[in-house]
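Quick notes on the structure that follows.
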Protein chains: 2
Amino acid sequence: MAETKPLDSRDGMRFLGQVRRGNVFEETLGQLLRAMRLGVFPPGEKLPAERELAEALGVSRATLRDSLAELQSAGYLQVQRGRYGGTVVAAHPNTHENPLDDSDRARIEDVLAFRSVVEPAAAELAAGASLTATQRNNLMLAHEAVNSADATNYRPLDARLHVMIADLSASSMLAKAVAEARDATSELLDRIPFLKPNIAHSSRQHEDILNAILHGDGASAKKLMQEHLDGTATLLRGFLD
Amino acid sequence: MAETKPLDSRDGMRFLGQVRRGNVFEETLGQLLRAMRLGVFPPGEKLPAERELAEALGVSRATLRDSLAELQSAGYLQVQRGRYGGTVVAAHPNTHENPLDDSDRARIEDVLAFRSVVEPAAAELAAGASLTATQRNNLMLAHEAVNSADATNYRPLDARLHVMIADLSASSMLAKAVAEARDATSELLDRIPFLKPNIAHSSRQHEDILNAILHGDGASAKKLMQEHLDGTATLLRGFLD
DNA sequence: ATCTAATGGACTGAAATCAGTCCTTTGCAT
DNA sequence: ATGCAAAGGACTGATTTCAGTCCATTAGAT
């Protein structure tokens, strides 16, 4: 057996991966908030039935209901009973408490670096994939949804489009990474004021990216996505100066 | 409020993220195995004390001990009591049951695609970082450990080197992604026979990559890492033909 | 007007998990 | 030799979480 130097093994424990970050109730709450940020459950849409959602989250219905009750009383959800009832996602109550400050600098650079690795690559691979008619159509629907969004529901729909693009990349690991990057970005963006003019610009960029993907032009898709991300990067960085 | 089309929202639930994948005991077991695959706890080294490890994993000591007992009786760990005692990682019992077959094709491509997005980028960013003397030294130590490894402990030490490189990239999200990619790769490689000649070649490539990083040559680091990965890719793909 | 089925609401007892405490073993320092 | 401190081993009672069951409400179907 070869020698194995300890190195900074205590520090390497960073890559352990916690089994539980808190109690199940809190983690469930977190996953639901994340799903809403990512547009998995866009504003105005119904959540899956509790029994279904509980199973998807790997959690008992009782615990899920505790979390849902919390979100409901915080104004994120509206519940209606009876057949064809359900739990509806309200517009994201965009509270700008806890604004970004200089202590967030490292986190911002972390997220931006990760994003610009993972998203352009996903766009490039998506362009390389041969898409079904349904997939193309879904892309366009998602894009239109972003276009007709207002300030209260823009971010989740935007996130959904980006994740949807990554999901075409034939690598589920990459798609998952993009979802994580997007979520982290949304968390940061939720802490700065919403700027109106950016939307029109973003929309044009989305259109260019989608065109490149639909035409199978991977190089362009990658480049355009990179530029698209640069906008957000400048926005976030600029907010600290 | 703008219209929000359902799309394939049921399918989009893929990005929910389970709170729990099984019971805590099983998840703990999985995290420990993963840590061993990644060289977080290399063969021959002691695990942290139970009380410490339990806290790092976010799990009670009782549950951790259940998992450790399982790993011990499976031959992964050896326990010694008393002061200066501890739990030592045994050589990975490399069982080649459950070899790769054609049904793993999609998974393989998934992992390889993700890897070749995330690892070269991490190497490039690592080259851009200004490293401390300790960091440089740790890199060299990790490299030497890989060199003097034998078939029974090669993979974890190799993985550790790769994760260590990614950890220099100034993006903890990227480092985490590389760890995930590496672990997925190791899981696949553990299912094919170990080939001796590859080691020497890999070692040379590692050396070139480290040189590029230490000299701040990001472009070369990226390119060399890409080539390094191509070797594994060919190996895995070739095993299916 | 009634029935039906799908939904959220509520409760219970069982099982898993935890936090805390104390015991046992061991090698080094004295 | 002896004591100490750090490690694993073992137990207990409290808490969380679960699976299962039944209730209440509702809109459409009949």
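By convention in this document, chain letters (A, B, ...) are assigned in the order of the sequence lines, proteins followed by strands, and residues within each chain are numbered from 1.
- Looking only at distances, no side-chain donor or acceptor of A:R20 sits under 3.5 Å from a matching main-chain atom of B:V59.
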Worked verdict on B:R21 versus B:E26 for salt bridge (Lys or Arg N to Asp or Glu O under 4.0 Å): CA-CA 9 Å; B:R21 256 160 287 271; B:E26 285 169 339; over 6 Å; no
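- Checked against B:V89 for a side-chain contact (heavy atoms from CB on, under 4.5 Å), the options B:L77, B:L32, B:N153 give a single hit: B:L77.
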Worked check of side-chain contact (heavy atoms from CB on, under 4.5 Å) between B:R34 and B:E180: CA-CA 9 Å; B:R34 176 189 141 112; B:E180 204 178 322; 4.2 Å; yes
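- Looking at every heavy atom in both residues, A:A35 comes nearest to B:L16 through CB-CD2, 3.5 Å.
- The separation between B:L53 atom CG and C:dC18 atom P is 13 Å, rounded to whole Å.
- Panel note: side chain A:D104, backbone A:R107; no donor-acceptor pair is recorded below 3.5 Å.
- Closest non-hydrogen pair, B:L71 versus B:L29, comes out as CG-CD1, 3.9 Å.
- B:Q135 places a side-chain N or O within 3.5 Å of a backbone atom of B:T132 that can act as its donor or acceptor partner.
- For DNA chain D, the span of nucleotides reached by chain A at under 4.0 Å from its heavy atoms goes, 5' to 3', from D:dT17 to D:dA27.
- With hydrogens and angles left out, the side-chain atoms of B:D158 and B:H206 include a donor and acceptor closer than 3.5 Å.
- For A:V88 against A:K46, the heavy-atom pair with the smallest separation is CG2-CG, 3.8 Å.
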Protein and nucleotides 13-16 of chain C: nitrogen or oxygen contacts under 3.5 angstrom:
none

Report each atom pair, protein N/O against N/O of nucleotides 6-8 of chain C, whose distance is under 3.5 angstrom.
{"from": "C:dA6", "atom 1": "O4'", "to": "A:R83", "atom 2": "NE", "distance (Å)": "3.4"}
{"from": "C:dA6", "atom 1": "N3", "to": "A:R83", "atom 2": "N", "distance (Å)": "3.3"}
{"from": "C:dG8", "atom 1": "OP2", "to": "A:E50", "atom 2": "N", "distance (Å)": "3.0"}
{"from": "C:dG8", "atom 1": "N7", "to": "A:R51", "atom 2": "NH1", "distance (Å)": "3.2"}
{"from": "C:dG8", "atom 1": "O6", "to": "A:R51", "atom 2": "NH2", "distance (Å)": "3.1"}
{"from": "C:dG8", "atom 1": "N2", "to": "A:R81", "atom 2": "NH2", "distance (Å)": "3.0"}

